[in-house]
Amino acid sequence: MKQPTLKTKEYDSEIFRKRIQKIQKKLSKGEILLLFAANHKIRNRDVEYKFRQNSDFYYLTGITEEDSIFILTSDTVGMFCLPKDKEKEIWTGIRLGKEKIKSMLGLDFTYDLTDWDKQKSAILLGNHTLYYFFGENPDRDRELLTECKTLSERAREGKFGPHRIEHPYFLHEERLIKSKDEIQILKNAAEITKFGHMRIMRESKPGMYEYELEALLEQEYLKYGSIGGGYGHIVASGKNACILHYVNNDDQLLDGELVLVDSGAEWKYYTADVTRVFPVGKRFTEPQKTIYEVVLYAQKNAIRHSVVGVPFNEVHEKTVRFLADCLREMGFLKGSLDEILEKETYKKFYMHRTGHYLGMDVHDVGRYYLDGKSRPLKDGQVVTVEPGLYFDPTDDSIPKEYRGIGIRIEDDILIHGKEPINLTESIPKEISEIEALKS
């Protein structure tokens, strides 16, 4: 099998310098943006989860060290970072240090993180608006609110601090549209994801366990330089496919059942998000084929409709209408199509959205509505398209041969004029392709 062609460079400070400059131009005098790096999270006792940098912090700086603080105003840019410490570096790795970070990003100032407490007043002083992601860290929220209150009490000295806290919406709007470099990284993530999905399609067989397929996915992702999945792998066999966010992954695979796998590799902080469904054995049953073909047709229609200028929610609405009509014609839903849509009885079988934004986060940032209206798709956006149908295994009103069938088919789509580009199209999804892999 062909190896993935991973064409992006290692750390390129120029990319991050340009991003900083672009965001800086959105700030007026008296406005300050604070971004806080992620910190290590405790898994249990003194064991930490594997560290993953905050997406916003990485997007602007490319720095992967924990606990740093990035400061941006209309005319200055700086950072507080972990100090060089030989003893700690022996245990946890070499730190960049303030001088190197300053040089890498062309910053106006850098401080050791230990200086934050004595410098934060001076940093905030004279700024009326603080842009900050309030609500993510209660301790940090309290610290900043207290500092802002303290500064407000210095009005008699002719001094002031932030009296308004705003969400840095402009940073998320910038992340919404992907650059050529970002698109290439997403293509690489998609290519690595393909290797994982195709391997488990080939190797799954009755008697295996869901966690064995999860292990194969993770092995393929790590083999090509991914940090692993960009979110928890969903490996749902049989009736488990009707649990949308199933993550136990501990059931045995049985012949005659399907496996729904929702998994995407994360590469250089960008993740793919792909769902495929395939038989545990060699062939789909006829009822499985019937439902699969309906969902596949709906997905292809939704992809074709994902073009510049189309409101994002319109893709979902058209998909709902198509699937509801199919369910009505097949006898799963009663009443007219308009009644089904009005009463939302289709949600018994299709209860989630048809897609979401994709990028550094699997549910990526950016506003879905502008002035109360669904946002039109724009060139450079990447979205998922993922319709599905799910037949409750405990519902006696559903014919027995359909109970427990769960189908979702998901691809990653780059909005590109009137010709959407499917970044994950090389991952088999036609029944004939999947069954050929199983032969």
Side-chain angles (χ1 to χ4, degrees), residues 1-4 6 41-44 47-52 186 188-284 358 361-362 384 386 388 404 406-412 423-424 426-429 433-439:
M1 187 177 286
K2 178 175 170 280
Q3 299 291 304
L6 309 180
K41 300 291 191 297
I42 297 298
R43 180 182 183 273
N44 59 294
V47 177
E48 297 168 338
Y49 284 104
K50 186 174 182 179
F51 180 75
R52 200 271 190 188
L186 282 164
N188 293 343
E191 194 165 0
I192 295 170
T193 301
K194 174 183 71 175
F195 280 73
H197 277 267
M198 290 184 69
R199 182 174 179 187
I200 61 173
M201 285 182 192
R202 289 194 308 270
E203 297 188 19
S204 68
K205 58 188 177 186
M208 292 179 72
Y209 283 82
E210 293 164 344
Y211 54 72
E212 293 181 75
L213 300 189
E214 181 179 15
L216 293 175
L217 282 170
E218 196 74 5
Q219 181 184 18
E220 289 298 305
Y221 294 172
L222 294 173
K223 184 165 68 175
Y224 296 115
S226 164
I227 68 164
Y231 54 98
H233 307 286
I234 296 172
V235 182
S237 64
K239 66 182 182 299
N240 296 329
C242 296
I243 302 170
L244 299 182
H245 286 171
Y246 175 80
V247 291
N248 288 352
N249 299 347
D250 57 3
D251 265 4
Q252 191 170 31
L253 277 59
L254 303 177
D255 199 16
E257 293 186 339
L258 299 175
V259 186
L260 183 154
V261 177
D262 187 336
S263 174
E266 180 178 312
W267 199 72
K268 294 191 180 297
Y269 281 84
Y270 290 77
T271 186
D273 184 5
V274 175
T275 306
R276 291 293 186 265
V277 179
F278 53 89
V280 171
K282 294 185 180 299
R283 298 287 182 269
F284 288 83
L358 183 68
D361 299 306
V362 66
T384 66
E386 49 179 306
I407 308 287
R408 181 168 67 253
I409 306 171
E410 177 180 20
D411 283 297
D412 305 340
L423 301 179
T424 50
S426 62
I427 304 174
K429 63 181 178 182
E433 295 175 321
I434 294 170
E435 290 187 340
L437 275 176
K438 304 289 291 179
S439 298

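Side-chain atoms are counted along with the backbone in the values below, which use heavy atoms only and exclude waters and symmetry mates.
- A265 and T193 get closest at one heavy-atom pair: N-OG1, 2.9 Å.
- Counting non-hydrogen atoms of other residues, nucleotides and ligands closer than 6.0 Å to NZ of K239 gives a total of 12 or fewer.
- A donor-acceptor contact shorter than 3.5 Å links the side chain of E433 to the backbone of K429.
- Atom NZ of K223 is surrounded by more than 12 heavy atoms from other residues, nucleotides or ligands within 6.0 Å.
- Side-chain contact annotation: E386 with T275, donor-acceptor N/O pair under 3.5 Å absent.
- No donor-acceptor pair under 3.5 Å is formed between the side chain of T384 and the backbone N or O of D412.
- Among all heavy-atom pairs drawn from R43 and Y49, the shortest one is CA-CE1, 3.4 Å.
- Summarising the geometry of I227 relative to R52, their closest heavy-atom pair is CD1-CG, 4.3 Å, with the distance given to 0.1 Å.
- Counting all heavy atoms, side chain and backbone alike, P428 lies closest to M198 at CD-CG, 3.7 Å.
- A donor-acceptor contact under 3.5 angstrom links the side chains of D411 and T424, judged on distance only.
- Side-chain atoms of S226 and K268 include no donor-acceptor pair closer than 3.5 Å.
- From L216, atom CG reaches atom CZ of R199 across 4.5 Å, with rounding to the nearest 0.5 Å.
- Looking at V280 and L258, their side chains never come closer than 4.5 Å, going by heavy atoms from C-beta outward.
- Looking at H233, its side chain never comes within 3.5 Å of a backbone N or O of N249 through a donor-acceptor pair.
- Side-chain atoms of E210 and N240 include a donor-acceptor pair closer than 3.5 Å.
- Looking at E266, its side chain never comes within 3.5 Å of a backbone N or O of G228 through a donor-acceptor pair.
- A donor-acceptor pair shorter than 3.5 Å cannot be found between the side chains of Y211 and D250.
- Of the candidates V261, V259, L260, V259 is the only one forming a side chain to side chain contact (heavy atoms under 4.5 Å, CB included) with S237.
- In this structure, R408 contributes its side chain and D262 its backbone to no donor-acceptor pair below 3.5 Å.
- Smallest separation of non-hydrogen atoms from F278 and S204: CE1-OG, 3.3 Å.
- Y209 and D251 share no side-chain donor-acceptor pair at under 3.5 Å.
- With respect to Y231, the side chain to side chain donor-acceptor pair (under 3.5 Å) criterion is satisfied by exactly one of T271, D361, D273: D273.
- At least one donor-acceptor pair under 3.5 Å links the side chain of K282 to the backbone N or O of K438.
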